[in-house]
Number of protein chains: 2
Amino acid sequence: MSTSAPTSRREQILKQAARLFAERGFHGVGVDEIGAAVGISGPGLYRHFAGKDAMLAELLVGISGRLLTGGRRCVAEADGSADELLDALIEGHIDFALDDRPLITLHDRELDRLRDTDRRLVRQLQRQYVELWVEAVRKVYPQLAEPEARATVHAVFGLLNSTPHLGRSGTLPGRRATAALLHRLARGAFDAASA
Amino acid sequence: MSTSAPTSRREQILKQAARLFAERGFHGVGVDEIGAAVGISGPGLYRHFAGKDAMLAELLVGISGRLLTGGRRCVAEADGSADELLDALIEGHIDFALDDRPLITLHDRELDRLRDTDRRLVRQLQRQYVELWVEAVRKVYPQLAEPEARATVHAVFGLLNSTPHLGRSGTLPGRRATAALLHRLARGAFDAASA
DNA sequence: CCCGCCTGTTAATGACCGTTAACACCGCCT
DNA sequence: AGGCGGTGTTAACGGTCATTAACAGGCGGG
């Protein structure tokens, strides 16, 4: 729908699996449902994935990796001030949260359902992403101690990742306004952290 | 361990069930595990609860109700300024988040695993709690439109409820410092919302 | 003393579910 | 034409799991 491509079967399955996992939890959805969501049924999925676990692993590793890659691109392209870097990080994270709500939900909800090796990998990617933020934040707010900075970054993630919960009642006018609001809230939180 | 009491079997079971559900998800934990966590085994739980669903229902209705009750007490006791009311709400929510992490986790994670009637009840309680906050926020920031206020409240909930994710690495010195930091972050976000 | 009630136990049941087996179609390449 | 890899299908297996059945000890009140 966005960049689009041939949209291979794998991607189609992953997308639907992400949606279902986010809606009903990893253990709450059966392979038959995932299959039905893409028009094939049940065990046909095993032509594309080694198993249900493999789908979740690929989803979580994928989102973690893309977040980190996006963050690193921000750092690399940040020729300007530290302030601009932090803004770029916030904007990038908001884009992820708004475009891939199911993945954001999975990201901090079903991590423990992974095999040890995959879980370690995801955690490592997450940790690097957090460190990247902490560094950027402490450049903008040098008086902020590291533990406080780290806790604040986690809290701001919680704030930005709240978008899945906004789906209920009368939400905001549009995506642009929501992104702008979230951006302001995040900056406000960081400002307040260093008071 | 904290207020303590006779700590009836029911309460003991609920506490352990909350912890396990938060750790591994509702479908991820079996009744045998819950039983083992309180020293009895497996089907003995059915002397205290109608079923696994009933435990989750009681947990979610309980936390939603207590949040709402706490919020209402803040409103009732707020003889002072609107500012003080908002601070009291924030403090109350932080206390919940820090004292009952598993319940906070469950609260926005396993809601969809409930029977229709229970889910409706929990959602209604949650909605009233949010409305209570929105009203308080708009008293402090009158220029803030209602949709923005509601979205901001949800986002701040995400921020405050991020505490479960802080358990990993080097966290903050103590509970008091964490609570103070979260309080500042929340106020900072609200300040920024009305800019 | 003894009868219920409360609270446990273990064994069995029945459903669900992930995974594999066995089979089939279809399009492409030689 | 023929074979083969990719993609499906349905049926069967095996394990897990919530729930129920059947049974038993303890203990307080008549």
Side-chain angles (χ1 to χ4, degrees), chain A residues 5-61 102 106 109-119, chain B residues 5-61 102 106 109-119:
Chain A
T7 312
S8 75
R9 211 73 216 252
R10 276 183 70 89
E11 299 173 52
Q12 193 187 2
I13 293 170
L14 283 176
K15 187 171 176 177
Q16 295 302 315
R19 184 178 57 81
L20 289 168
F21 288 162
E23 281 174 8
R24 299 212 279 286
F26 178 67
H27 292 296
V29 29
V31 289
D32 290 356
E33 292 177 87
I34 303 173
V38 297
I40 75 184
S41 236
L45 296 169
Y46 286 74
R47 300 295 171 194
H48 304 274
F49 294 92
K52 216 177 110 181
D53 301 350
M55 298 181 209
L56 182 65
E58 190 157 330
L59 285 172
L60 292 185
V61 172
L106 257 49
R109 191 171 292 197
E110 308 280 359
L111 179 60
D112 300 319
R113 265 52 110 199
L114 254 48
R115 291 201 331 272
D116 272 24
T117 160
D118 292 319
R119 188 171 57 246
Chain B
T7 313
S8 74
R9 213 71 215 253
R10 278 183 69 88
E11 299 173 51
Q12 194 186 1
I13 294 171
L14 283 175
K15 186 170 177 177
Q16 294 302 315
R19 184 178 57 81
L20 289 168
F21 288 162
E23 280 174 9
R24 298 211 281 286
F26 178 68
H27 293 295
V29 29
V31 288
D32 291 354
E33 291 178 88
I34 303 173
V38 298
I40 75 181
S41 236
L45 296 170
Y46 286 75
R47 300 296 170 193
H48 304 274
F49 294 93
K52 214 176 112 182
D53 301 350
M55 297 181 211
L56 182 64
E58 189 156 330
L59 284 171
L60 292 185
V61 172
L106 257 49
R109 190 169 291 196
E110 308 282 358
L111 179 60
D112 300 320
R113 264 52 108 201
L114 255 47
R115 292 202 330 274
D116 272 25
T117 161
D118 293 320
R119 189 171 57 246

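Below, read A as the first sequence line, B as the second, and so on, with proteins coming before strands; counting in each chain starts at 1.
A ring-ring contact (aromatic ring centres under 6.0 Å, His included) check over residues 39-60 of chain B, counting only residues at least two apart or in different chains, returns nothing. Within the structure, ring-ring contact (aromatic ring centres under 6.0 Å, His included) contacts touching residues 12-31 of chain A (residues at least two apart or in different chains) are A:Phe21-A:Phe26.
With sequence neighbours left out, the salt bridge (charged side-chain N to carboxylate O under 4.0 Å, His left out) criterion links B:Arg47 to no other residue. B:Arg109 pairs by the side-chain hydrogen bond (donor to acceptor under 3.5 Å, both in side chains) definition with nothing, not counting sequence neighbours. Under the salt bridge (charged side-chain N to carboxylate O under 4.0 Å, His left out) criterion, B:Arg9 pairs with no residue at all, not counting sequence neighbours. Not counting sequence neighbours, the partners of A:Ala37 by the side chain to side chain contact (heavy atoms under 4.5 Å, CB included) test are A:Gln16, A:Arg19, A:Leu20.
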Heavy-atom protein contacts under 4.0 Å, nucleotides 8-21 of chain D, coded B base, S sugar-phosphate only, - none: BBBB------SBB-
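Chain B approaches DNA chain C within less than 4.0 angstrom (heavy atoms of the protein), and the contacting nucleotides run 5' to 3' from C:dT7 to C:dA11.
Note that CG of B:Leu59 is 11.0 Å distant from CD1 of B:Ile13, once rounded to the nearest 0.5 Å.
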